[in-house]
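Being a predicted model, the structure only gives us computed values, none of them experimental. The chains referred to below are lettered A, B, ... by the order of the sequence lines, with proteins before strands, and numbering in each begins at 1.
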Amino acid sequence: MEYNFSEIEKKWQQYWKVNKTYKTVEDAAKPKFYVLDMFPYPSGAGLHVGHPLGYIASDIYSRYKRLRGFNVLHPMGYDAFGLPAEQYAIQTGQHPRVTTDANIARYRRQLDKIGFSFDWDREVKTCESEYYKWTQKTFIDLYNHYYNTAEQKAKPVTELVAAFEKNGNAGINAACGNPEVKFTAAEWKAMDEKAQHQTLMEHRLAYQKDGMVNWCPQLGTVLANDEVANGLSIRGGYPVERKLMRQWYLRITAYADRMLEGLDRIDWSESLKETQRNWIGRSTGANVRFKLQDSLGDLEIFTTRADTMFGATFMVIAPEHPVLSQVQLDKEVEDYVSWAKNRSERERQSEVKNVTGKFTGLYAKNPFTEKQIPVWVSEYVLAGYGTGAIMAVPAHDSRDYAFAKHFGLEIIPLIKGCDVSNESFDAKEGEMVNSGFLNGMQVKDAIKAAIGKVEELGIGTAKVNFRLRDAAFSRQRYWGEPFPVYYKDDMPHMLPPDKLPLELPSVDKYLPTEAGDPPLGRATDWKYEGKYGYELSTMPGFAGSSAYFLRYMDPHSDKCLVDKKKNEYWRNVDLYIGGTEHATGHLMYARFWNMFLFDIGEICESEPFQKLINQGMIQGRSNFVYRVVGTDKFVSLGLKSQYETQEIHVDVNIVSNDILDLDKFKASRPEYANAEFILKDGKYVCGWAVEKMSKSYYNVVNPDDVVSRYGADTLRLYEMFLGPLEMSKPWDTNGIDGVHRFLRKLWRLCHDAQNNFSVSNDKATPQELKSLHKIIKKVQEDIEAFSFNTAVSGFMICVNELTELKCNKREVLEPLAILIAPFVPHIAEELWESLGQKASICNAKFPEFNPAMLVESSFEYPVSFNGKLRYKKEMPLGLSKEEVRQRVMQDENTAKFLEGKPLKNFVYVPGKIVNIVC
RNA sequence: GCCCGGGUGGCGGAAUUGGUAGACGCGCUGGUCUCAAACACCAGUGAUAGCAAUAUCGUAUCGGUUCGAUUCCGAUCCCGGGCACCA
């Protein structure tokens, strides 16, 4: 039988399904291993060839671990809530669930064709209420907890209430939205219900507040910071405005330090960790109060450079700063402030280099120099960071420098020998001058000394600031998890747990109501106990993806998110594979969410993803044809310079190795029906370029097409062969034949000329065993290093060697089939069965590597002198260094090359080289 | 501006971490098979010189350490990514 991949693949996919080969159960006798893919959002476009890259890699690793005796958890599911299905619903009136289900079914069909070893009995869909019940439950838990900064742990709000009743908030260690507010136990008790409610809200890990949010009018919803880039929404690219709205937030900032520290204990790429560190943006410094004139009180600033206080010649506050409303401003200043406030994020960002600002008329006293310095207002100081005010040190901060130069303000250099005539000296190094008690110190020491002095004077404290903001958690959308929240007396209340899940109600349209409420406002009779209105916004996309990996451990429980025992068995994800685009979104929120669940004792590990690999993106490789302008003639790439041409994208599916299929091209569109071609050597060669894989570039390659033409095994192998997993690379079909050829060679290795299965039971020769053991070692090492491309190369070399040796010995082919099974499971199963094996190859045992098999009787060693190659020599293997030395010294060539000089050193690399240093 | 990656044939990419650079695959050239083409198979393929054996050069550039450097160190240039009026 010829290698008939479609029949073989159909047969084994059926076999795996019927026999539940990939069903996983907890088994204390075996070590566990949890391999996870980032679950997909089932989009309407279906899978393209780039999507399975990570899935193939994780599948290979899962199958490998399984062969090594691990109990492997390798599940799959769908991140099924989201905007596209809802946008489609708005246009068509189709319920998002209908589209989502259809897309999921399509994804499943596509995934099944590739032969993954997922345990589909554990499938999780975030839009199912059996799952989002637990998302809602966790939200309630977040609401009912605060963050204890002394214990670095989430604690019940009830403890906080008890403490308030006893001592007010004195001595409370809690992450809090308004830490400056102080109250006594008596004051607490005197508060009415609403005031107490407000106070607790400032502490809860899930809380509601009026805040500036990223409002996207086109999408009709609020977005989180990670969903916005350069003032545009990531999805859709629509403009985003700042807007004051009452929203739910998660107090992720309370976990900033732990999230930072946790990075040191997990095995992620350095660049990804760096991205998260940047996003958290921890900076240490001090808050310092500058005394304002008259009785205006203090102006508090944050600085990381307390050492430069002596050079603070003016101050700058944000246009939103509260002090501006306390004083009568000049008309001119007033105008500037309102102009600056009304500028959009985009406008501000696009004109970063333009210096604008006004003198407020206020003065503050520099506590170190005792001088009165002017207070300016400028939009370059942001209200949302630090205290919204800075002390400006033009000599040592480039932004302050630009401002001072523009407005002619004083610049005092503070570091010995620095030149500030043309630019500021921003580096944190050198010796202090012009700085009173700090003179002579190095910058590092001066920072500490200055902060010490500030604290001593009682004008400020050491302070850590974060760039990270609390996460906006409300979306004014329909297709998401409903909040388990109802309103009574205008205050939010959590549903009792036994009322969960709160199901998503039906609505007539997926648009906001006339009153401007989110779509859920259209649901009729949707009230708690028939009278209390529910929260009308829904949760964002990251809510559902923050705990799905826990749910896979125990997907069907109606008692809890995950059973304690099962969680203790599977613990956390050992290997997580997914795209780098989730670096500051999903991967931040999931870590936060998981740490919280850990704190409240729901789970046993605080970091969810031990090792993480970012697979690179597969880009599209577009093809072009060149139409001679104004004609129906198309000219081949090499000849196009002789004509005036127009470059046109052509569907890559009618191009093979850059050669255009002329008939298919003519048939592809009516306007090409009469196309004429100017050929080169009888062929039409297309141009090409690497672009994003997208419908509009006609470069989308569907894995189904590759599978039907070459088979799933070829697709799997080729995706791995393309290059290192983590690298982005274009999908280039040009090499796929080579990989397919390899599989045919493998097939031929155990079939005779008549294509009958034929293996010999003879003993393998040392050479054959050497080939085998070389590949055992290589596959093992490469898989463990996630170097799948070199592993595939290894197989090719091995099969070439065995073909040359005409080796069809069972002793070699059986282990080889197991080795290759993780990569190409279908053909491996087929060979395994032909070899007379009854059980699936998935349950086989990984062959044992024996180093002794690599030893041969002799090698040809190059001998070199002073690193320069001089001659080659036959040398037996397994000699000691001394024996090698004797052999080399006895050689007549050696004496000739040594030229009477003494032997200085002797380098011997077994199997490689003998090097004589004279 | 700050912080991470990375520069190797015509192309995708290897190199046991300091030991014969260019594995493996694509492409290209030649050959076998075929009436012919496709498929398949075999051989060659970094550059320069040479019929050849071979020689010289060669891993972005310059310099250093070493018997020996793609690998380590210093400087420079270029590409990719993250953060960014964050004080």
For the pair made of [atom1] in [X] and [atom2] in [N], what is the distance, rounded to whole Å?
X: A/W731; N: B/rC26; atom1: CH2; atom2: C1'; answer: 14 Å
X: A/M727; N: B/rG81; atom1: CE; atom2: P; answer: 14 Å
X: A/L717; N: B/rC26; atom1: CG; atom2: P; answer: 12 Å
X: A/M617; N: B/rG80; atom1: CE; atom2: P; answer: 14 Å
X: A/M720; N: B/rG25; atom1: CE; atom2: P; answer: 19 Å
X: A/R277; N: B/rC4; atom1: CZ; atom2: P; answer: 10 Å
X: A/F425; N: B/rA87; atom1: CZ; atom2: C1'; answer: 18 Å
X: A/N614; N: B/rG80; atom1: CG; atom2: P; answer: 19 Å

Where the side chain of [X] is defined as all heavy atoms beyond and including C-beta, which of [options] is the nearest nucleotide?
X: A/Y380; options: B/rA87, B/rA23, B/rC85; value: B/rC85
X: A/M796; options: B/rG82, B/rC85, B/rG25; value: B/rG25
X: A/N789; options: B/rC24, B/rC83, B/rG13; value: B/rG13
X: A/W279; options: B/rC83, B/rA87, B/rG25; value: B/rC83
X: A/D397; options: B/rG82, B/rA23, B/rA87; value: B/rA87
X: A/P724; options: B/rA14, B/rG12, B/rA23; value: B/rA14

Dump every N/O contact between nucleotides 36-46 of chain B and the protein below 3.5 Å, one line per pair.
{"from": "B/rA40", "atom 1": "OP1", "to": "A/R741", "atom 2": "NE", "distance (Å)": "3.0"}

>> Apply the syn/anti split at 90° from 0 to B/rG9 and say which one it is.
In response: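 The base of B/rG9 is oriented syn (glycosidic angle within 90° of 0).
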> Would you call B/rU76 syn or anti, using the 90° rule around 0?
Replying inline: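 That one's anti.
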> Taking for each residue the nucleotide of RNA chain B with the nearest heavy atom, is it A/E274 or A/L722 whose nucleotide lies nearer the 5' end?
Replying inline: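 It is A/E274 whose nearest nucleotide is closer to the 5' end.
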> On RNA chain B, nearest-nucleotide positions of A/T790 versus A/A389: which is more 5'?
Replying inline: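 Mapping each residue to its closest nucleotide by heavy atoms, the 5'-most match is A/T790.
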> Are A/E300 and A/T387 close enough that a side-chain donor and a side-chain acceptor fall under 3.5 Å?
Replying inline: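 A/T387 and A/E300 do not have a side-chain donor-acceptor pair below 3.5 Å.
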>> Is A/S283 close enough to B/rA87 that one of its side-chain N or O atoms is under 4.0 Å from OP1 or OP2 there?
In response: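 Yes.
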> Is the phosphate of B/rC4, meaning OP1 or OP2, less than 4.0 Å from a side-chain N or O of A/N278?
Replying inline: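 No, outside the criterion.
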Among residues at least two apart in sequence or on other chains, which ones pass side chain to side chain contact (heavy atoms under 4.5 Å, CB included) with [X]?
X: A/V652; answer: A/N623, A/N699, A/V701
X: A/A57; answer: A/I577, A/M720, A/L725, A/F788
X: A/A446; answer: A/D307, A/M432, A/L438, A/M441
X: A/T790; answer: A/K778, A/D782, A/S787

>> Please give the distance between the P atoms of B/rA21 and B/rA38 as a whole number of Å.
In response: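 Each nucleotide's P atom is 38 Å from the other's.
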> Between B/rU8 and B/rG22, how far is it from one C1' atom to the other, in whole Å?
Replying inline: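 After rounding to an integer number of Å, I get 8 Å for this pair.
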> Can you give the dot-bracket line for RNA chain B, where a pair is Watson-Crick or G-U wobble with both atom distances under 3.5 Å, crossing pairs use [ ], and | marks a partner on another strand?
Replying inline: (((((((..(((......[....)))((((((.......))))))((((....))))..(((((..]....))))))))))))....
> A/P730 near the nucleic acid: base, sugar-phosphate alone, or nothing, with a heavy-atom cut-off under 4.0 Å?
Replying inline: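 Result for A/P730 = nothing.
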>> Categorize A/D426 for me: base, sugar-phosphate, or nothing, with a 4.0 angstrom heavy-atom threshold over every strand shown.
In response: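 No contact.
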Show which side-chain atoms of residues 309-318 of chain A pair as donor or acceptor with protein atoms under 3.5 Å away, not counting sequence neighbours.
{"from": "A/T313", "atom 1": "OG1", "to": "A/E410", "atom 2": "O", "distance (Å)": "2.8"}

> Is the closest side-chain heavy-atom distance between A/W731 and A/L722 below 4.5 Å?
Replying inline: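 Yes, their side chains come closer than 4.5 Å.
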> Can you name the ring-ring contact (aromatic ring centres under 6.0 Å, His included) partners of A/F786, sequence neighbours left out?
Replying inline: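 Testing A/F786 for ring-ring contact (aromatic ring centres under 6.0 Å, His included), a comparison that skips the adjacent residues, returns A/Y61.
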> How would you list, by chain and number, every residue that makes a ring-ring contact (aromatic ring centres under 6.0 Å, His included) with A/F290, sequence neighbours excluded?
Replying inline: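 By the ring-ring contact (aromatic ring centres under 6.0 Å, His included) rule, A/F290 matches no residue at all.
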> Quick one: is the NZ or CZ of A/R591 closer than 6.0 Å to the six-membered ring centre of A/W279, and within 45° of its axis?
Replying inline: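 No.
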> Taking the inter-plane angle between the rings of A/F742 and A/F795 on a 0 to 90° scale, is it parallel (under 30°), tilted (30 to 60°) or perpendicular (over 60°)?
Replying inline: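 Rings of A/F742 and A/F795: tilted, 30 to 60°.
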